[in-house]
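To start, the structure under review is shown below, and the notes come after it.
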Amino acid sequence: MVTMTIDLETAIRRRRMHRDFEDRKVSPEDIDKMLWAVGRAQQGRPGVRNVIVVDDPVLMKTARQVFPGFMDNNAQAMFILCSDLSVPAISSYAGREHLTRIDAGAACAHLGLMAQELGMGVCTITSWTHGAVRELFGIPNHLRPDVTVIMGYPTAKQKLGVKGKQYLPAIYYNEYGVSYQQEQNR
């Protein structure tokens with residue numbers, strides 16, 4: 001069981017994408033804790049999520065050469081989150097396979113929060129083709145790679161949270177066009 005020592009609000013505020021990491025291998029204990037976080041994220045259907053853990057230096061180097069969004073960093077490990085589209089609860093209903101992408105996003109959020117607890121940094125990489133990811137990591141056709149998350153221990157210059165303006169989405173109240181903020185100030 002993982003005991004959180006950082007409060008959730010601080011973790012959310014400090015959360016950022018990291019692209020500059022120390023040149024040290026991610027410990028097996030930290031990999032296990034990150035996997036625990038992935039397992040705790042919401043899933044619409046059990047048995048759909050698959051995770052490929054990558055920390056082989058040769059594979060990481062090749063991924064940097066193949067994935068455009070992965071070129072300019074020195075991450076020491078990566079998770080590839082995949083959905084098993086052959087699971088009957090997914091394959092038997094038209095359109096349901098897209099719901100697993102929401103679950104992959106929840107897993108990414110859990111990874112980002114756990115990374116804070118472990119003094120690690122993560123960055124989601126989505127600029128790659130399914131064919132390249134499948135070939136490089138031997139992913140069968142019934143699995144759909146949804147997202148890759150690189151990770152490591154950020155350098156000192158990357159450890160601070162983002163300062164400055166917070167970017168909020170457009171927020172409406174009860175219907176589009178009615179400002180939530182204005183309604184709350186009435």
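- Partners of Asn141 by side-chain hydrogen bond (donor to acceptor under 3.5 Å, both in side chains), not counting sequence neighbours: none found.
- Here the CG atom belonging to Asn73 is positioned 5.5 Å from the CZ atom belonging to Arg64, to the nearest 0.5 angstrom.
- Within the 4.5 Å cutoff, no side-chain heavy atoms of Phe67 are placed close to those of Thr129.
- In this structure, Met151 and Met34 have side chains that are in contact, with non-hydrogen atoms separated by less than 4.5 Å.
- Rounding to the nearest 0.5 Å places CZ of Phe137 at 10.0 Å from SG of Cys82.
- Atom CD1 of Ile150 and atom CD1 of Ile80 lie 12.0 Å apart (nearest 0.5 Å).
- Partners of Asn50 under the side-chain hydrogen bond (donor to acceptor under 3.5 Å, both in side chains) rule, at least two apart in sequence or in another chain, do not exist in this structure.
- Within the 4.5 Å cutoff, the side chain of Val38 has no heavy atoms near those of the His110 side chain.
- Listed by chain and number, the residues in a side-chain contact (heavy atoms from CB on, under 4.5 Å) with Thr126 are Val147 (sequence neighbours excluded).
- Atom OG1 in Thr124 sits 12.5 Å away from atom CG in Asp146 (nearest 0.5 Å).
- In terms of the side-chain contact (heavy atoms from CB on, under 4.5 Å) criterion, residue partners of Pro140 (sequence neighbours excluded) are, by chain and number, His142, Leu143.
- Residue Phe21 holds its CZ atom at 9.0 Å from CD of Gln76, rounded to the nearest 0.5 Å.
- Scanning for side-chain contact (heavy atoms from CB on, under 4.5 Å) contacts around His130 gives Trp128, Arg134, Arg144, Pro145, with sequence neighbours left out.
- With sequence neighbours excluded, the residues forming a side-chain contact (heavy atoms from CB on, under 4.5 Å) with Asp32 are Leu35, listed by chain and number.
- Here the straight-line distance linking atom OH of Tyr153 with atom CE of Met120 works out to 5.0 Å at 0.5 Å rounding.
- With sequence neighbours excluded, the residues forming a salt bridge (Lys or Arg N to Asp or Glu O under 4.0 Å) with Asp55 are Lys25, listed by chain and number.
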